[in-house]
Amino acid sequence: MLAFTVKRLFGVIPVLLVVSLMIFALMQAAPGDPVSMLVSDEASAEDRERIAAAWGLDQPAPVQYANFVKNAATGDFGTSFRYREPVMDLVLARLPASIELALYATLLAIAVGIPLGVLAAARPNSVFDTIGSIGGFFGISMPNFWLGILMILIFAGYLNILPSGGREPWGLDLPRITGFLTLDAVLQGRWDALVHALRYLALPTIVLGTAMTGIIMQITRASMLENLGEDYVMTARAKGLSNRVVLWRHAFRNALVSVITIIGLEFGALISGAIIVETVFSWPGIGLLLIQGITFRDFPLITGLVLIYTTLFVLLNVFIDILYTIVDPRIRMR
Amino acid sequence: MTTATYTRARMSYGFLLTPKAIFGLIMIGALIIAGAFAPFIAPFNPARQDLLMAMTPPQLTGPHYLGTDHVGRDLLSRLIYGARVSLLIAIAVVFFSGIVGVFLGIVSGYFGGRIDSFIQKFLEVFWAFPPLLLAIAIVAFLGQSLTIVIVALASQRWIPYCRLARAETMALRDREFVVAARSLGAGHARILREHILPNIIPSTLVVGTFAMATAIISEAALSFLGLGVPPSIPTWGGMLADARAYISTSWWMALFPGLCIFLTVLGINLLGDVLRSHFDPKIKNF
């Protein structure tokens with residue numbers, strides 16, 4: 001188990017090195033001189049040279065890349081052109097908002113998707129199953145940015161019961177402990193703040209969670225149907241166990257393996273989905289930071305964020321692989 | 001020369017007559033017709049601004065059947081021209097990534113060994129990026145043009161083709177007809193072209209259909225984020241981005257472009273599902 005974990009973790013290093021090289025090459029290939037984003041148009045040649053030297057932009061490309069990797073390995077992604085603050089500080093300040101949203105969306109998808117999938121499998125070809133299957137197709141075909149806009153149109157516009165964007169109202173004045181607003185509110189017993197935080201979370205969570213709900217539902221259903229056809233299920237039924245016990249205690253446990261894999265695979269979709277949902281709802285997370293960074297051609301911020309996102313994604317996949325071997329020890333043999 | 005193709009015998013098109021498939025075919029047909037004949041169908045020039053008519057709601061009797069946007073451009077005409085961008089990019093991405101992916105996949109699966117592990121490492125690096133993030137990075141650094149958007153969207157789309165082609169080639173390479181061809185002196189290139197490739201076309205078609213749906217939705221997402229083709233070209237995603245600012249006053253600007261994306265993608269996904277269950281129910285989500 002430990003050997004497997006260590007091996008998987010070390011395997012990540014070469015991949016991330018090539019990924020960093022790709023991002024660096026893209027940045028080098030970008031048209032225009034990055035120095036011109038740092039100085040005004042009237043700057044003299046000497047000023048330009050001075051600024052280039054200060055930001056390390058006068059070094060040859062291989063040296064710049066070596067520095068980039070060396071610094072990135074210690075968590076230093078350089079200084080943002082626009083904010084003049086270390087990229088890592090900017091990211092860390094916004095990360096809790098992104099994680100909080102992603103976590104609630106995943107919980108929603110699991111809480112809705114798994115029971116629906118199990119129920120659809122329990123009664124295949126029933127009306128319930130058909131509705132679920134149609135819902136699944138709608139889920140994968142619905143662009144999340146459009147769903148977001150429709151939600152704003154209905155719940156913030158016509159019904160006017162939920163906020164259309166942002167994370168908290170003006171003057172909420174909730175001291176940060178963890179950065180997760182809902183948790184901070186509970187820790188401080190600020191129930192008013194909790195209600196506000198949940199109201200702001202509602203629409204982005206639903207939008208981000210919808211596609212994942214559809215996919216989890218379909219995979220749960222397929223995997224349950226596969227298991228319900230196995231001999232051990234028949235044995236359990238023959239023993240006279242109740243339908244509920246057979247369904248949840250026997251079939252569902254075995255179906256869980258593929259459901260976990262899918263939840264892992266869906267982390268990628270969750271990340272790209274979050275970039276879009278944060279933009280739609282002006283949610284102050286790292287996705288919105290990335291899109292704003294691109295608008296301002298803030299190269300250190302873009303490279304840093306792309307590298308951070310990719311590292312997170314790769315590590316999450318390793319984590320899922322390890323979790324997978326715990327749930328199903330046969331995998332480790334391969 | 002007869003090619004060993006075990007799918008040809010059951011080639012009939014009856015499976016395309018289910019409601020799901022018909023809906024999908026109608027959607028693809030509408031997309032192709034709108035895209036190809038946009039100048040003849042669109043009632044207005046999509047770029048023509050008419051500030052006096054700005055934000056006109058949909059008119060049942062015309063001339064602006066679906067209303068106008070914030071600078072008075074006809075929404076229906078822009079949607080028809082937007083189909084052109086979606087269609088062009090989707091086709092380019094599906095073919096470009098399909099050729100690269102299938103080529104790398106059959107080479108990887110057929111030769112195995114070092115070539116295989118090199119190609120798989122290459123794939124692993126591209127797969128390390130969360131979906132859409134590599135495309136976003138490419139457009140962010142290299143700029144916005146039709147070609148760059150196509151390359152950006154294809155940068156990860158070739159992977160499903162490659163995985164599938166590799167898996168199928170590995171299953172085929174030791175089959176009797178391949179071994180027989182080899183013993184008769186056929187070269188690698190010939191075996192790949194005439195014996196392996198024709199057999200993986202049906203499943204490639206399935207992957208290609210889903211790739212088209214993904215390409216359309218991703219292009220719209222990039223345009224929505226302001227990272228698609230230059231904003232002077234009307235796109236469905238770009239129209240939705242415009243609509244955000246006027247959401248409280250002009251619901252039609254937000255409704256119709258999204259409906260176009262949704263129905264097109266839904267149709268293609270349904271057709272893909274029909275093709276999948278017809279050709280090979282074993283193909284899962286590659």
Side-chain angles (χ1 to χ4, degrees), chain A residues 11-12 14-16 18-19 21-23 26-32 137-138 140-150 152-153 156-158 164 215 219 222 262 265 267-273 275-276 279-280 290-291 293-295 297 299 302-303 305-306 309-314 317, chain B residues 20 121-122 124-143 155-156 210 213-214 216-218 220-227 236-237 240-241 243-244 247-251 253-255 257-270 273 284-285:
Chain A
V12 163
V15 171
L16 287 180
V18 182
V19 162
L21 185 64
M22 278 170 71
I23 301 168
L26 275 175
M27 183 169 63
Q28 290 291 310
F137 273 108
F138 272 59
I140 56 166
S141 308
M142 179 64 113
N144 48 11
F145 42 94
W146 187 49
L147 183 63
I149 290 176
L150 288 183
I152 293 175
L153 196 62
Y158 287 101
S164 66
I215 290 164
I219 296 299
I262 285 299
L265 288 175
F267 272 126
L270 197 65
I271 289 176
S272 54
I275 296 175
I276 293 167
T279 309
V280 173
L290 173 69
I291 298 304
I294 293 171
T295 320
R297 295 184 67 74
F299 283 7
I302 306 172
T303 46
L305 270 171
V306 173
Y309 265 128
T310 310
T311 310
L312 271 178
F313 181 49
V314 171
N317 280 332
Chain B
K20 260 177 163 179
K121 288 273 183 308
F122 185 69
E124 200 185 333
V125 168
F126 279 82
W127 201 237
F129 290 91
L132 206 65
L133 191 69
L134 183 58
I136 289 178
I138 290 175
V139 179
F141 286 121
L142 302 186
S155 66
Q156 284 187 307
F210 288 121
T214 312
I216 289 178
I217 236 173
S218 310
L222 282 184
S223 292
F224 175 79
L225 293 171
L227 299 170
W236 295 342
L240 277 180
R244 281 186 67 203
I247 197 155
S248 51
T249 50
S250 315
W251 55 268
M253 281 175 69
L255 184 67
L259 206 57
C260 285
I261 304 170
F262 172 63
L263 290 177
T264 310
V265 172
L266 180 65
I268 297 174
N269 275 331
L270 288 175
D273 193 55
K284 294 244 172 71
N285 293 316

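Everything numeric here is computed off the predicted structure, so don't read it as measured data. Convention: sequence-line order gives letters A, B, ...; per-chain numbering from 1.
For chain B, the nearby parts of A:Leu26 are the backbone and the side chain; heavy atoms of each come within less than 4.5 Å. At a 4.5 Å heavy-atom cutoff, the contact between B:Leu227 and chain A is made by side-chain atoms alone. Looking at B:Leu263, neither its backbone nor its side chain comes within 4.5 Å of chain A, counting heavy atoms on both sides. Contact of B:Leu255 with chain A is made through backbone and side chain together, with heavy-atom distances under 4.5 Å. Neither the backbone nor the side chain of A:Leu312 comes within contact range of chain B, judged by heavy atoms closer than 4.5 Å. B:Ala220 touches chain A through backbone and side chain together, each having a heavy atom under 4.5 Å away.
B:Arg244 is listed as a side-chain neighbour of A:Thr279, based on a closest heavy-atom distance under 4.5 Å.
When each of A:Ile275, A:Ile23, A:Val280 is scored by its heavy-atom pairs under 4.5 Å with chain B, the top score falls to A:Val280. Considering only heavy-atom pairs separated by less than 4.5 Å from chain B, the leading option among A:Ile271, A:Val314, A:Leu153 is A:Leu153.
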Please lay out, stage by stage, how A:Val18 and B:Lys121 fare under the test side-chain contact (heavy atoms from CB on, under 4.5 Å). CA-CA 10 Å; A:Val18 182; B:Lys121 288 273 183 308; over 6 Å; no
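Under the ring-ring contact (aromatic ring centres under 6.0 Å, His included) criterion, A:Tyr309 pairs with no residue, sequence neighbours left out. Residues satisfying the ring-ring contact (aromatic ring centres under 6.0 Å, His included) test with A:Phe145, not counting sequence neighbours, are B:Phe224.
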